[in-house]
Amino acid sequence: MFYDFKKIEEKWQGYWDKKRLLKASPYSNNKKYYLLEMFPYPSGKIHMGHVRNYTIGDVAARLKMLQGYDVLHPMGFDAFGQPAENAAIKNKTKPDTWTHKCIKDMEVELKKMGFSYDWGRELSTCDSSYYKWNQWIFLKMLERGLAYRKASAVNWCPECSTTLANEEVIDGGCWRCHAKVEQKDLEQWYLKITEYKERLLEDLKLLKNWPGRVLSMQENWIGKSQGVEIYFKLKDSDTVIPVFTTRPDTIFGATYIVLACEHPAAKDFIRGKPHEKEALDFIDKVSKKSKIVRASSDVKKEGIFTGSYALNPVNNEVIPIWIADYVLMEYGTGAIMAVPTHDQRDFIFAKEHGLPMRVVIKPFDRSLDEATMEEAFEGDGLQVNSGKFNGTSNLEAKDSISKWMEAEGFGRIKTNWRLRDWLISRQRYWGSPIPVIYCDKCGAVPVPYQDLPVELPKDAPFTGEGGSPLAKVKKFVEAKCPKCGMKARRETDTMATFFDSSWYFLRFCSPQFKEAPFDRKEVSYWMPVDQYIGGIEHAILHLLYSRFFTKFFKDLKLIDFSEPFNRLLTQGMVLKDGEVMSKSRGNIVDPDSMIKRYGADSLRLFILFAAPPETELEWDDRGLEGAYRFLNRVWRIQENLKEKADDRLVRLMHKTIKKVGDDFNGFKFNTAIASLMEFTNAIYQFGADKEVFSKLVIMLSPIIPHFSEELYRLMGNQESIFKASWPKYDPGMLIEDTVEIVLQVNGKVRSKIEVPAGMSEEKIKELILGEEKLKPWLQGNSLKKIIIVPDKLVNIVV
RNA sequence: GGGCAAGUGGUGGAAUGGCAUACACGACAGACUUAAAAUCUGUUGGCCGCAAGGUCGUAAGGGUUCGACUCCCUUCUUGCCCACCA
């Protein structure tokens, strides 16, 4: 009556493993498919998000196996990172021990789901055979000037005692622990990702199969903006204050200038002025606050007058210079021209401090008065109060004013970027050591290639006190200078884990390769990744860094493609009662307990059926039970097979094969499953023969592999179902003899008729005008028009 | 504040210019059973109607069209991402 999922799933998992059935084998033909899901952090337990991500991937991978592709479907672990250190402190264990235990536990859980990974290719980023190549890549970057050291104020998380990249600061807090981020000065290693900004932006155009939202997020992150750098001269002096603007069309309305507090000239402008002390106090007060706090401290804009004045180059107007907290030193030149009438931030600031304003762009359909304005006008319109540009549209003026200012020497046309260099240093233990030695005489010296890997010492002390445990390991820190042989000191910072995950997709092509990060021959066969699947939370950082690394490898002539991921799918979150599943909410549904109750196949089926992959998925225990019931329903079909299936069923089978194939290719698993359910319902109605049933089972096999393998073998097949081929449909069987035509009067359905397919418009017209059911609607009305959609619909307009 | 999605039965969702609500969950009824579970077979958007049938209905309002869940405009709501980016 019930199929024994526990026995079946264990049996076939063991069989696939023993036969190495899921091993990726290249070069068997010329169709390759590299399917990759974002590898997990080994926390020790898989959650529903993993189950969803990996189930989606597994269906695609198994489908491609059935379609005869060489499939590469690997799995590994993003194993460096803070939680291992935190666990080490808490449980008095070692990060290494803890991580490897977690990896073991997760392997077991992943295997229970029956995912088709080639476990022979498994890798962990914390193994020295992997991070050796992180160090190799770092040295290559160092050689090319792409890795450099810079002392600067960095984001400091007091909770984790570590620095964070700008990208890792979320709402003023640490991306992992959410503690409030502070400012601190440190010498840090950076990667010059900005050198690739043009290509990172330009090549987004190549990514035709990426979700639009991810592309636009990347574009905004890179943040290219065209504008003009305008030179404002100080009144009674030759000192120039450059200012960047994307709105040169508003230059005639610039009524004051604002400097960032950190602006190098700020203190000069204050010196000897009446409010000198007050102004210095203000600068001091603001600079003590971290920039993150300043950014998040709502809308209040504080500022103070410097006492100095500048000249607007286009009209020689004398305008005051202010200092304020809402201007950022990091963007543009650290100084802005303020146009309160056409920028809302400037407007608020001007109102608060009684600064002058002047309208220079008026809306097309009305006039504007600065005295009565309640907010800035940021839309498009016509230039006014703008000298010889009056009357032109501001969009045109943007261009003509820029060119005019450049010609007059008032400024120059310039492009600004939002993208910053990438800070990779971490004052942490559990990461790849940065392969550099500091010598008093020779400075920072790279570790020679033949000395790689620089191994992490296993016996670092974990006290939970701040600072890096690595710095406390004497025999690690003490080193000889590779250049002069003198006593020297080893770098104790480790790399950000985003470094590890920026190239793992290349390593999977040849995970045991000893000569280089990857074997060029294998990479040129498998790469680029045909389908990448993961969470939207990685839309910016991980994907941008991976694209950067790929371009770097291309420049090294190690590969000959410039984008790593052809197609990208970002799957939606798994919700419970409308909320994201999380420990803090206490609404976690543990996959393992669901596998115990209903089996992995039911879980896979439910999670694919409940929602399309990209949208959020609402968890529902009863839905899972429904999936289990469906499997039993299919299971029972084998007990009642007929000699020969009904023609109607065979026709439906061909339709279903087409529909399911199309839906699978478009990752529309929910509707593919719906079709398979309809087909199953039809089998209950008409009765199937062995051939029809086996095709149903093959179509189900990517979704519910153990179940399908078992049924397939019970039907007498000796070979694995994954050696079978995907069923083909006969296009002739899709054509219907008769079609149902919907009859509308004035767009409302009034009747339907059955007619032979391909009937001519004339004949249809004749037929429907005599149709009894339509008479009441046509009587007493004059016929205006008849619209005929062949084989589908007729609309009579009266 | 900006950008991008989305809004459809009691619920998850289907339909991307042509029969709104496929498929599933839940609910209700029938068969089987001493009974229950399981299974099988039905019914299941609202309103009016005994019925045939009619009528309203895809967040709200307007527009384009013979015809709109679908395209356009306005508004509202929710979610995600970004955010003093000049």
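Chain letters run A, B, ... following the sequence lines, proteins first, then strands; residues in each count from 1.
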Does any N or O donor sit under 3.5 Å from an N or O acceptor when you compare the side chain of A:Lys785 with the base of B:rC66?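 When only heavy-atom distances are counted, A:Lys785 does not reach the base of B:rC66 through any donor-acceptor pair under 3.5 Å.
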base_contact_polar (B:rC19 base, A:Glu740 side chain, donor-acceptor, <3.5 Å):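 Between B:rC19 and A:Glu740, which were checked side chain against base, a qualifying N/O pair under 3.5 Å is present.
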Using the salt bridge (Lys or Arg N to Asp or Glu O under 4.0 Å) criterion, which residues pair with A:Asp791? Sequence neighbours excluded.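 Not a single residue meets the salt bridge (Lys or Arg N to Asp or Glu O under 4.0 Å) criterion with A:Asp791.
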For RNA chain B, list all stems, counting runs of three or more consecutive pairs where every pair is Watson-Crick or G-U wobble with both distances under 3.5 Å.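 As far as RNA chain B goes, consecutive pairing (with distances under 3.5 Å) yields the stems B:1-7 with B:76-82, B:10-12 with B:23-25, B:26-31 with B:39-44, B:45-48 with B:53-56, B:59-63 with B:71-75.
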Using only side-chain N and O atoms of [X], determine if any of them is under 4.0 Å from OP1 or OP2 of [N].
{"X": "A:Arg633", "N": "B:rC40", "answer": "yes"}
{"X": "A:Lys792", "N": "B:rG18", "answer": "no"}
{"X": "A:Asn670", "N": "B:rA14", "answer": "yes"}

Can you tell whether the side chains of A:Arg412 and A:Glu406 come within less than 4.0 Å, N to carboxylate O?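 Looking at A:Arg412 and A:Glu406, the cut-off is not met.
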Would A:Glu614 and A:Lys668 pass as an ion pair if we require N to O under 4.0 Å?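 Result for this pair is no, no salt bridge flagged.
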Please classify B:rG9 as syn or anti, treating any glycosidic angle within 90° of 0 as syn.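 For B:rG9, whose glycosidic angle is within 90° of 0, the conformation is syn.
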Output, in order, the C-alpha distance, side-chain angles, deciding distance and verdict of side chain to side chain contact (heavy atoms under 4.5 Å, CB included) for A:Tyr331 and A:Arg420. CA-CA 10 Å; A:Tyr331 187 81; A:Arg420 311 279 124 202; 4.1 Å; yes
Identify whether any heavy atom of A:Arg418 sits under 4.0 Å from a base atom; if not, whether one sits that close to sugar-phosphate; answer base, sugar-phosphate or nothing.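 Base contact.
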Between B:rC66, B:rG54, B:rA15, which nucleotide gets closest to the side-chain atoms of A:Lys668?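 Output: B:rA15.
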